[in-house]
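All values below come from the heavy atoms of this structure, side chains included, with hydrogens, waters and symmetry mates left out.
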Amino acid sequence: MATWIWILIVIAVGLACAAGGFYGARKYMEKYLKDNPPINEDQLRAMMLQMGQKPSQRKLHQMMNAMQQNASSPRKK
């Protein structure tokens, strides 16, 4: 086989591995963040108290639902 064919094969395999690794890592991080949300109700309550607001349970649920809907909706760029 000619040398240029081997070079093309190596480049194609490298690009395929890079693309597969990128999408695999992206899916893993999406699943990780869905299973382990970065903020919970206690953290949200503490943040609201620091801002000088008195958080009610209703307000906490509204904010958590809004954050979950924002995280689950597809992102537009």
Side-chain angles (χ1 to χ4, degrees):
M1 236 186 225
T3 305
W4 65 273
I5 293 176
W6 283 106
I7 293 171
L8 288 177
I9 291 172
V10 169
I11 291 172
V13 169
L15 289 174
C17 289
F22 173 77
Y23 287 109
R26 182 174 174 230
K27 283 292 187 188
Y28 172 78
M29 285 306 297
E30 286 176 353
K31 183 181 181 304
Y32 178 81
L33 289 174
K34 183 177 180 183
D35 294 342
N36 303 305
I39 192 166
N40 60 23
E41 283 189 24
D42 294 331
Q43 293 169 333
L44 192 59
R45 180 179 289 115
M47 185 172 54
M48 289 178 73
L49 286 171
Q50 288 175 352
M51 292 188 300
Q53 297 179 8
K54 176 104 173 138
S56 66
Q57 196 65 24
R58 180 176 178 222
K59 182 70 173 175
L60 287 172
H61 283 298
Q62 284 177 344
M63 291 181 72
M64 287 299 292
N65 288 338
M67 290 171 56
Q68 289 173 352
Q69 287 175 351
N70 188 24
S72 65
S73 66
R75 296 181 183 230
K76 296 180 183 177
K77 290 187 177 183

Validation: residues 52-61 side-chain donor-acceptor distances under 3.5 Å, sequence neighbours left out:
unit_1, atom_1, unit_2, atom_2, d
Ser56, OG, Lys59, N, 3.2
Gln57, OE1, Arg45, NH2, 3.2
Gln57, NE2, Glu41, OE1, 3.3
Gln57, NE2, His61, NE2, 3.3

Practice task
Please check if the side chain of Gln69 supplies one atom and the backbone of Ala66 the other of a donor-acceptor pair under 3.5 Å.
Solution key: no
For residues 25-34, tabulate all N or O donor-acceptor pairs below 3.5 Å that involve a side-chain atom, not counting sequence neighbours.
unit_1, atom_1, unit_2, atom_2, d
Lys31, NZ, Asp35, OD2, 2.9

Handout entry: Cluster check Ile11, Val13: I/L/V/M/F/W/Y, side chain < 4.5 angstrom
Key = no
Practice task
Tell me whether Met47 is reachable from Met67 by hopping between hydrophobic residues (I, L, V, M, F, W, Y) whose side-chain heavy atoms are closer than 4.5 Å.
Solution key: yes
Handout entry: Joint hydrophobic cluster, Val10 plus Leu15, side-chain heavy atoms closer than 4.5 Å
Key = no
Fill in the blank from the handout: Heavy atoms of Gln43 and Ile39 approach each other most closely as OE1-CA, 2.9 Å
Problem - Close side-chain approach of Asn65 and Gln62, heavy atoms under 4.5 Å - result: no
